[in-house]
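Below, read A as the first sequence line, B as the second, and so on, with proteins coming before strands; counting in each chain starts at 1. As a basis for the values below, the full set of heavy atoms in this structure was taken, side chains included, without hydrogen atoms, waters or symmetry mates.
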Amino acid sequence: MMTENTNANQNALSLGDWQLSPWLKRIIYWELGIPLALLSIGIYHGLMQVIYRAGVLHQSAFAGLDYYQGLTLHGVINAIVLTTFFAVAFGHATITFYLKREPTKTLTLLSFWFMVIGTLMAAWAMLSGKASVLYTFYPPLKGHPLFYLGTALLIVGSWFPLFDWSRLYRQWKRENPETKTPLAVLGTLVNFIIWFVCTLAVAYEVLVVILPWALGYKPTVNVTLARTLFWFFGHALVYFWLLPAYVMYYNFLPKLAGGKLYSDMAGRIAAFLFLIYSVPVGVHHQFSDPSITKGIKLFQSILTFGVTIPSFITAFTIAASLEYAGRKRGAKGLLGFFTKLPYLDTDRYLFAYLICGLFLFIFGGLTGIVNASSELNNTIHNSAWIPGHFHMTVAGPVFLGIIGMSLYLYQTTSGKKLFMSKVAVIIPYLWVIGILIFSTGLSWGGLIGEPRRTNLGLTYLNPKSELFTPEWVPTTMLGLLGGIIMFIAGIMFLVVFFGTMLKKRSAEGMLTFPVSEALHDEKRIPLFDKFKPWLAAMAVILVIAYVPAFVDATKNPGPGAPRFTPDNPVPVQTEQPSATTTTGLTKPLSFNKN
Amino acid sequence: MQIDRFEKRVLMISGALVAVFIFSMLYARSKYNDLPACIPFNKTYTEPKVTKLDDKTYQVFAVAQMWQFQPAQIYIPVGSDVDFYLTSKDVVHGFFISEKNVNMMAVYGNINKQTVKFDKPGVYKITCHEYCGTGHQNMQAEVIVNDPAAR
């Protein structure tokens with residue numbers, strides 16, 4: 001059925017192991033280690049939330065940390081800090097490995113320090129309780145200015161590598177004009193271009209719209225505009241999380257399974273479709289918002305369906321690659337290949353992490369299509385269904401890819417043996433069980449009206465409260481059970497990762513990846529090997545999709561909103577007007593309004 | 001370019017699936033609740049009240065604020081069409097009537113509108129589903145449809 005195609009010209013690339021420079025190796029370790037250490041705070045708060053939600057605790061705060069503060073920490077650490085740090089570290093590794101060139105030291109260090117200092121600023125604001133505004137930080141709820149500034153620094157820091165990698169890529173391309181760009185490099189560059197474009201909006205939101213207002217220089221803020229800017233970034237962000245996992249699926253998973261990548265071209269098409277489709281779809285988070293017309297919402301809904309295409313392509317291509325691997329190992333019948341994959345092979349533990357993520361993504365993708373449908377959104381918007389969905393994507397392929405690859409990158413480049421390798425290979429399966437129970441509870445709860453982002457234990461699941469809602473008891477209990485399993489799996493991972501770090505070096509560490517050959521290695525088609533036409537298409541679609549939305553968001557709202565803190569219905573007072581404030585120069589800074 | 005026959009098939013299946021999604025979305029639009037409407041800001045919508053247009057049509061001007069909805073109880077007869085106009089006095093709030101698929105964000109300086117028919121008697125809870133500060137979990141109101149004690 002499947003024939004080998006031998007006109008491979010990818011052989012022009014030599015993909016041997018690479019010895020990282022000591023400084024780059026250290027940076028990569030820190031970029032993997034810092035967010036994983038913070039993850040312990042992130043998953044602790046994940047556990048606390050399921051406990052609160054299930055009505056086990058009827059308090060607003062426990063052990064000194066407030067529910068909504070924990071929710072903010074959980075979201076920011078797990079979804080922004082961990083993902084951004086990892087994407088940068090993984091990008092350094094893929095670019096270096098495939099192009100056999102290392103990034104510039106100064107720029108890499110600069111990027112690292114921007115991200116670290118930004119993270120520390122935001123972490124301080126959140127831990128001191130001055131920025132419990134959740135990770136979406138919707139104004140007019142006001143957080144501490146350092147929270148906004150910190151996230152902006154983290155994001156800006158993650159831009160630098162893109163400029164550096166593009167330079168390395170152009171250099172490589174000049175030397176190898178007729179060779180296909182390695183798929184992993186293409187994926188990494190596409191991912192960071194998406195990231196750069198979408199974060200321009202959030203950088204504008206934070207630096208121009210929110211910070212002057214949070215500091216008290218500007219009296220009011222246009223909330224709908226801020227929300228629209230946020231979601232311009234907020235949805236593309238999820239593809240920024242997802243694409244490193246896709247890079248692993250296309251480039252490493254087939255080889256780990258013992259086979260080949262079914263089609264290399266499919267991977268290129270998927271990457272470029274992500275490039276043009278993933279940014280202009282953010283309005284689908286605002287289907288329930290005022291001030292944006294139904295026409296724009298419908299148009300963006302249909303564009304969002306467009307993003308399902310690259311995921312369908314991936315689902316098919318990866319499944320076909322796994323089938324090929326299974327058949328090579330002697331599988332028979334239509335689905336027999338499922339039984340022949342190396343699920344528990346400790347030498348190939350990365351396979352377990354990737355396949356588990358892929359499995360969860362089936363459900364994550366399907367629930368996502370519901371969210372993308374503008375009309376169905378009336379049923380599930382902001383209900384518990386939403387975290388039910390995104391835990392199967394972010395805590396599915398994204399998280400499993402991140403932790404599996406972090407372990408793999410550290411272990412191979414350091415030359416250490418895995419700590420508790422049998423446990424390491426079981427963690428992802430335990431995680432899948434946890435997530436499936438947890439997300440079933442949340443999705444079901446969402447369909448019967450359970451809101452997200454609410455401390456249900458205080459009221460709705462407190463039998464002493466007049467708002468007590470007994471229908472939500474079974475659903476939140478499922479959430480609690482799944483959450484506990486996930487927490488245990490998460491802790492086990494941290495033990496394995498940091499345990500491996502404490503081990504002695506037993507071999508020379510090298511940067512090496514399980515590179516998959518393509519089964520159908522098509523000839524190079526220039527269109528699918530060039531960024532410019534796709535960037536132009538992206539720009540056109542962006543303008544068509546977003547100019548009307550921004551016009552609506554600035555035209556329809558009335559007065560702008562003053563500043564509010566989460567604990568007080570009275571707006572934060574701006575300082576007494578004085579003669580000098582018109583210049584804005586002598587006005588005192590006010591940080592401590594919380 | 002030669003396209004693999006399996007790939008061709010999967011492209012067709014994916015295309016058909018997306019077409020089904022789009023169709024069902026458009027179908028839901030005509031059959032069930034439509035999306036919230038885009039209404040330019042107008043100060044008259046910011047005073048909480050319930051007005052009766054005729055026997056079967058009501059307007060509810062709902063105002064969300066930390067941490068309550070006004071009006072907190074809305075009495076209407078069974079079979080009425082209700083236009084909900086929603087705004088916020090402070091931060092972003094949610095307005096969720098789960099059984100009726102009414103789902104809106106309340107945003108300062110903005111007006112949101114959704115229309116819904118209440119054809120069965122009962123008490124429909126309005127829940128705030130967007131985090132709006134420390135009292136967020138207390139924020140609930142109700143629509144009482146054809147309550148015998150109704151005014």
Using heavy-atom distances under 4.5 Å, tell me whether [X] contacts chain B through its side chain, its backbone, both, or neither.
| X | answer |
| --- | --- |
| Phe287(A) | both |
| Asn222(A) | neither |
| Tyr460(A) | side chain |
| Pro139(A) | backbone |
| Lys297(A) | side chain |

*Is it true that the side chains of Ser383(A) and His129(B) contain a donor and an acceptor less than 3.5 Å apart?*
no
*Verify the distance criterion only: is there a donor paired with an acceptor across the side chains of Glu130(B) and Asn382(A) at less than 3.5 Å?*
yes
Among [options], which has the most heavy-atom pairs under 4.5 Å with chain B?
| options | result |
| --- | --- |
| Thr308(A), Thr136(A), Ile292(A), Leu456(A) | Ile292(A) |
| Val223(A), Ile369(A), Ile448(A), Asn377(A) | Ile369(A) |
| Ala384(A), Pro451(A), Pro559(A) | Pro559(A) |
| Asp66(A), Leu376(A), Leu298(A) | Leu298(A) |
| Asn568(A), Ile313(A), Thr469(A) | Asn568(A) |

Hey, could you give me the [atom1]/[atom2] distance between [X] and [Y], rounded to the nearest 0.5 Å?
| X | Y | atom1 | atom2 | value |
| --- | --- | --- | --- | --- |
| Gln137(B) | Tyr68(A) | CD | OH | 3.5 Å |
| Ile380(A) | Asn103(B) | CD1 | CG | 8.0 Å |
| Asn138(B) | Asn455(A) | CG | CG | 9.5 Å |
| Asn378(A) | Met104(B) | CG | CE | 9.5 Å |
| Phe312(A) | Leu17(B) | CZ | CG | 4.5 Å |
| Leu141(A) | Met66(B) | CG | CE | 6.0 Å |

With a 4.5 angstrom heavy-atom cut-off, is it the side chain or the backbone of [X] that approaches chain A, or both, or neither?
| X | result |
| --- | --- |
| Ile111(B) | backbone |
| Ala106(B) | neither |
| Phe96(B) | side chain |

Any side-chain heavy-atom pair from [X] and [Y] closer than 4.5 angstrom?
| X | Y | answer |
| --- | --- | --- |
| Lys89(B) | Phe564(A) | no |
| Ser291(A) | Val107(B) | no |
| Pro566(A) | Tyr131(B) | yes |
| Pro569(A) | Trp67(B) | yes |
| Arg227(A) | Val92(B) | yes |
| Met105(B) | His381(A) | yes |
| Phe95(B) | Ser288(A) | no |

When you look at [atom1] of [X], are more than 12 heavy atoms from neighbouring residues, nucleotides or ligands closer to it than 6.0 Å?
| X | atom1 | value |
| --- | --- | --- |
| Leu334(A) | CG | no |
| Phe468(A) | CZ | yes |
| Lys56(B) | NZ | yes |

*For Asn556(A) against Cys38(B), the heavy-atom pair lying closest together*: ND2-SG, 3.1 Å
*List the steps and the verdict of side-chain contact (heavy atoms from CB on, under 4.5 Å) for Ser60(A) and Thr134(B).*
CA-CA 8 Å; Ser60(A) 60; Thr134(B) 47; over 6 Å; no
*Would you find a donor on one side and an acceptor on the other, under 3.5 Å apart, between the side chain of Ser373(A) and the backbone of Met25(B)?*
no
